[in-house]
Structure formats: C-alpha cells, structure tokens
Amino acid sequence: MSHAGLPVVDLAPLLDPAPHAAGLAHSVGQLRQACLSHGFFYVVGHGLPASLTSRLEALARAFFAQPDAVKLRWPMSAGGRAWRGYFQAGGELTSGLPDWKEGLYLGSELSPDHPRVRAGTPLHGPNLWPDVPAGLRATTLEYLDAGAAVCAGVLRAVALSLALPADYFEQRYTRDPLLLLRLFNYPSRPPAASAAWGVGEHTDYGLLTLLYQDDVGGLEVRTPDGWVPAPPRPGSFVCNIGDMLDRMTRGLYRSTPHRVRLNTSGRDRISIPLFFDPDFFSTPAPIEGLPAAPDDRATRWDGASVHAFNGTYGDYLLKKVGKVFPALGAQVLG
C-alpha cells in the first residue's frame, strides 16, 4: 500500500505482544519493501494516542506564538554541552545555508548527577524547559517515551526483515539509545533573503526518525523517480532510515535525502521529529553476511560516504551537528 508515492506500513501486528504469524509476516514484508524502495514510509497502527500528539502540537504552537524576547529566555547557548534550547528562524544551517524555521531542541532528561552528564558527554544532560506554556515539560516527556517505544518496535521489525533476531539492534546499540526530540515551527512570514528552504536537502544521522507533521505540509523526499511530496496523512507518522542504519545494512537500506519547502501557506507549520539513535559510545558496524557497500559518494547529498566512516556514533554525530550550529559547536564542543 502507498500514499502519495510513499509506502504505508501497518505496525499493529509488529507491536502486538502476541501477534498472529500471518499478520506479522505481512507487516515485516511491507517494512522490508519500504526500506528497499524508499527508506521513507508512513506508519499506521502505531498505538501512539492522537490525544497526546494533539496536546504536544498545541503546546508547541503556543510556545512559538510568543514574542522572541520570551522564547530567548531559553537559548541554546545556555544549554551547554547538552545542546538543548531555543533558536530563532535562520539560526540552523543545512549545507552552510540557513533553514527558515525556529526550534526548541530537547531530548532524554538526565539529571546533573548522571554519570555521563558529570563526565561532560556532549548531547547528554537536562533540558532547558520553558515555563510557558504550562504543561510543556510533562507532555514532552510523555510523548518522548511513547515515541521511543514505537521506534523500538519498528527497529525490531527491521531486524526481522533482515532475517536477524528481533533484538539484534537493541542488544548492540539501543539498550541506552540517544533520544533527541525537536519542536520546529516553519513561520508563514517571508524568509530572510539567504533562506531558500524550510530545511535544505539532507539525510538524518542515526537509526530511525519518527516524524509528526501538522496539516500544512511541505516535506519532500528524493526517490529514484525524483522529488515527491510527503503530505500529512491523518493518524500516521512518517518514518525514515538514518545514516547508521544505512551503514549497518551496507547500503541495502538507504538513508534517503529529504527537504522542506518554504512555508507559503499563510499558516505556521509545526513539525515534531523524534530521532532514535544508537548509544553515543557505540561503534556501528556492518551486519555480517550482507554484500559489500557500494561507493555512493557521487550520489550522496554531502559527497561523503557513511560506509567509509570509522569510530563511535558520537564521533559521527558531533562532526555533523558542529556544521549545523558552527558558532555554538566551536563554543561548546571545541
């Protein structure tokens, strides 16, 4: 099944604690085909309550509707090595060019006495929680837990689709996953002259992304047949493969470039991606038994091959995020 050119995968049999064999096999087959053909797909039957998503969207919209002076009470510069906080429209770069969106960076809530926080591990720490609107903290943490459970279920299905044990990725990489959540607003006002896209062409860095988008739309995905829209589909999320899953599967499942058009709808657009990534200190390795990865540098959006990378996921991620916020990267990461 497909929708607007992208496949649709029913997760219900995959998340059922006692699934029917035929239904499970069908969903795993759907997922495998989606990963082989696009690396981008809609998920339904995910079990994440619509009421929770609607509540988080409303709170995000209320936060971004405030004056900049209020939102800048929680700037990313105050988030330190945890890399959390608010940035204004045009403050984030893709391929060196500003994206026309504003955002609030969040993630797993770790206390100051957590061992990784005490050690100064980048991208680990407490969030900068705005005190307005009320309820944002509790709703975000509830959503983070629910979304991570969906991602973990998808990743188990990915393992099955590769004829691996269902817990293959969990045992090696996601016992302590790096969870990063973004609240993004694509303003309807005219962009800065240097901004050509809501978000420029890119791939995601980790394993999986689970994306909620409101009804405005604007997401586009690069397929073998060219760029296709990924409009909102009621009751669904968009899920896509990240660079680390591309690396682990030796390019069998590809991390697909995508972008977001400038918002000219006349209404602000809310987008909420959850990035389900390997443990920061894990070393992503190719799965044994798969064919060697092709040299894909000529077709990669950034001209770099994830298959040529060696090191921990943290090494890979820090090189990427330092380009997204260069000044902050130099200040925080050295």
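These figures come from a predicted structure and were not determined experimentally.
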Worksheet item: Should R267 and D215 count as an ion pair when the cut-off is N to O under 4.0 Å?
Response: yes
Worksheet item: Does the distance from a Lys or Arg side-chain N to an Asp or Glu carboxylate O, for R116 and D279, drop under 4.0 Å?
Response: yes
Worksheet item: Is it true that R259 and E201 make a salt bridge, defined as a side-chain N closer than 4.0 Å to a carboxylate O?
Response: no
Discussion item. Please report the interatomic distance CG(L155) to CG(L14), rounded to the nearest 0.5 Å.
Written reply: 12.0 Å
Worksheet item: Aromatic rings F325 and F87: how do their planes relate, parallel, tilted or perpendicular, breaks at 30° and 60°?
Response: perpendicular
Item to complete: Over 60° means perpendicular and under 30° means parallel, so classify the ring planes of F64 and Y86, tilted if in between.
Response: tilted
Discussion item. For the residue pair H258 / H202, report whether a side-chain donor-acceptor contact shorter than 3.5 Å exists.
Written reply: yes
Worksheet entry | Salt bridge flag under 4.0 Å for residues R73 and D131 | yes
Worksheet item: Who else is in the cluster with L262 when I, L, V, M, F, W and Y are joined by side-chain contacts under 4.5 Å?
Response: W100
Fill in: Electrostatic pair E220:R261 at N-O distance under 4.0 angstrom
yes
Fill in: Parallel, tilted or perpendicular: rings of Y186 and F184 (30°, 60°)
perpendicular
Worksheet item: Regarding N263 and S188, is there a side-chain donor-to-acceptor distance under 3.5 Å anywhere?
Response: no
